[in-house]
2 protein chains.
Amino acid sequence: MAKSKEAKSLDTTTEEKIKAAARVVFHKKGFAATRTRDIAEEAGINLALLNYYFRSKEKLFDIIMFETLFGFMQNMAMVLNDEKSTLEKKVEMIAYNYIDFITKEPNVPIFMLSELRNNAGRLLEKLPIKQLIMTSAFFRQHQEAVAKGKITEPNPLHFLMNILSLVIFPFIAQPLLQGISGLNETQFNKLMQERKKMIPVWIKAMMKAK
Amino acid sequence: MAKSKEAKSLDTTTEEKIKAAARVVFHKKGFAATRTRDIAEEAGINLALLNYYFRSKEKLFDIIMFETLFGFMQNMAMVLNDEKSTLEKKVEMIAYNYIDFITKEPNVPIFMLSELRNNAGRLLEKLPIKQLIMTSAFFRQHQEAVAKGKITEPNPLHFLMNILSLVIFPFIAQPLLQGISGLNETQFNKLMQERKKMIPVWIKAMMKAK
DNA sequence: AAATAAATTAATCAAATGATTAAAAATATT
DNA sequence: AATATTTTTAATCATTTGATTAATTTATTT
């Protein structure tokens, strides 16, 4: 190895530069539309280095995809499995965390969900996501709330879908929504910030509806 | 022309076969991932015919994209602009129509929104969608309901985003949701059918929340 | 400093892919 | 029936694109 194993500040490694570039380009254009040359250019490296470090476009993609999925799920899993926080607090946390996260990484949701559509099996099998969510404190607390009559909708999947829908969808539909409304990006982001406070209120109201 | 202009049952024309095939493949894989050979094979025609009838992959795509966008918006525009129906009825109509439509065409939302992300300007300029929605009876009725204190959230965009989110997002996230829940496609579709009735109830409750 | 190993580059390959062409087949016109 | 027009096909082109190779440069080890 030409570089000492420990130091080299890790983020300026050639390998890391390529990964960072791959993340940017894959997230923006998806697997099919990105050319390895795009990544090389974004990283400022010779194209051959991409294959030298990662063997193939597909292997590099798998790494980026896994890290993206993992990063996205990690936060959710943490929140949903927190035994100390209430159900209401969890809704707040998800709204806050994800609206901030997606505002910074607006391409991640549609990237993830587009690519999952081709390959859900292969891409999800590395993550124990089913176990993590279905046995979470979140689901247990939901069932308790249903038992106590505090929540009318008995299916926790609807509950989870509703939260994620209200949080994530507007970002996915952003170009369409801006086309409809005429808002610019700044105004749109302001709208999303408003939703951080509103979504928990809305969720609370709708889950008591009957 | 080898075929009489009027008759020829329109759907069996070579041109129509190509368009139908292009619709299937583009919707499933998006522009970048579809090869003109995929379309030719799906249509059961010689590859050269695609260029003979449509000049280029891109021109064919533009036609499919326009028709897809138009088809998707048409229904919404109709419902939102209906002066006779109440606001509540409009919410019901959107939930019913779109859940049925997307169940039949599950790739359309993510196709549309993915492709719009590359090219919103060019692709939306042919549709007068802003005008159509911002001046609709739906928006006016919403403002009236706000004025009467029947709805607390004053921004009609939040109202529209919430409806579309609850209706469309679960389909976009279907592979992930099935991965989380372990449901098969039939069970998933049943869940979506439940939402046809629930979404209007939820929307009603949440828009009165404060 | 010499020898060895690792990283980087320019050039090139092979396959895939959008598109065209020239000939053949099918259809319409006279 | 003869001619003209349109549609379809097989073959081919030119470019793009993922990947490799062989040579060069840089770093590490002895």
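Numbered from 1 within each chain, the chains take letters A, B, ... in sequence-line order.
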Side chain to side chain contact (heavy atoms under 4.5 Å, CB included) with B:Ala205: which residues, sequence neighbours excluded?
A:Ala209
Could you give all pairs that pass the salt bridge (charged side-chain N to carboxylate O under 4.0 Å, His left out) test and reach residues 101-117 of chain B, with sequence neighbours left out?
none
Rounded distance (Å) that lies between atom C1' of C:dT17 and atom CZ of B:Phe31
12 Å
Give the table of side-chain donor-acceptor pairs shorter than 3.5 Å for residues 178-186 of chain A, with sequence neighbours excluded, one pair per line with atom names and distance.
from, atom 1, to, atom 2, distance (Å)
A:Gln178, OE1, A:Gln174, NE2, 2.8
A:Gln178, NE2, A:Leu183, O, 3.2
A:Ser181, OG, A:Leu177, O, 2.8
A:Ser181, OG, A:Leu183, N, 3.2
A:Asn184, OD1, A:Thr186, N, 3.1
A:Asn184, OD1, A:Gln187, N, 2.8

If I take atom CG in residue A:Leu49 and atom P in nucleotide C:dA10, what distance separates them, rounded to the nearest angstrom?
10 Å
Report the distance from atom CD1 of A:Ile45 to atom P of D:dG18, rounded to the nearest whole Å.
13 Å
Expected list for residues 33-40 of chain A: side-chain donor-acceptor pairs under 3.5 angstrom, two or more places apart:
from, atom 1, to, atom 2, distance (Å)
A:Arg35, NE, A:Asp38, OD1, 3.4
A:Arg35, NE, A:Asp38, OD2, 3.4
A:Arg35, NH2, A:Asp38, OD1, 2.6
A:Asp38, OD2, A:Lys29, NZ, 3.3
A:Asp38, OD2, A:Arg35, N, 3.1

Verify the contact: side-chain N or O of B:Asn51 to OP1 or OP2 of C:dG18, cut-off strictly under 4.0 Å; return yes or no.
no
Only pairs at least two apart or in different chains count here, so list each ring pair (Phe, Tyr, Trp, His ring centres under 6.0 Å) that has a residue in residues 80-100 of chain A.
A:Phe72-A:Tyr98
Polar side chain donor-acceptor pair, B:Asn107 to B:Arg23, under 3.5 angstrom:
no
Whole Å only: how far is the NZ atom of A:Lys29 from the C1' atom of D:dT17?
13 Å
Among residues at least two apart in sequence or on other chains, which ones pass ring-ring contact (aromatic ring centres under 6.0 Å, His included) with A:Phe70?
A:Phe66
How long is the line joining CD of B:Glu15 and C1' of D:dT8, in whole Å?
15 Å
So, with a heavy-atom separation below 4.0 Å from DNA chain C, the residues of residues 54-64 of chain A are none
With sequence neighbours excluded, give me every ring pair (Phe, Tyr, Trp, His ring centres under 6.0 Å) pair touching residues 159-197 of chain B.
B:Phe138-B:Phe159, B:His142-B:Phe159
Strictly below 4.0 Å: does A:Thr14 bring a side-chain N or O up to OP1 or OP2 of C:dA7?
no
Of the candidate nucleotides C:dA10, D:dG18, D:dA10, which contains the atom at the shortest distance from the side chain of A:Arg35?
D:dG18
Overall bend of the helix from C:dA1-D:dT30 to C:dT30-D:dA1 (five pairs an end, 10° steps) is 0°
Got a sec: does the CD of A:Glu41 have more than 12 other heavy atoms crowding it under 6.0 Å?
no
Mind checking if A:Leu47 touches a base, just sugar-phosphate, or nothing, with heavy atoms under 4.0 Å?
base
Applying side chain to side chain contact (heavy atoms under 4.5 Å, CB included) to B:Lys89 and not counting sequence neighbours gives B:Ser85, B:Thr86, B:Glu92, B:Met93
Interface with DNA chain C, restricted to residues 36-44 of chain B and to heavy atoms under 4.0 Å:
B:Thr36, B:Arg37
If I take atom CG in residue B:Asn46 and atom C1' in nucleotide D:dT12, what distance separates them, rounded to the nearest angstrom?
13 Å
Of all residues at least two apart in sequence or in a different chain, which pass the salt bridge (Lys or Arg N to Asp or Glu O under 4.0 Å) check with B:Asp62?
B:Arg122
Short side-chain N/O contact to D:dT21 OP1/OP2 from A:Tyr52, under 4.0 Å
no
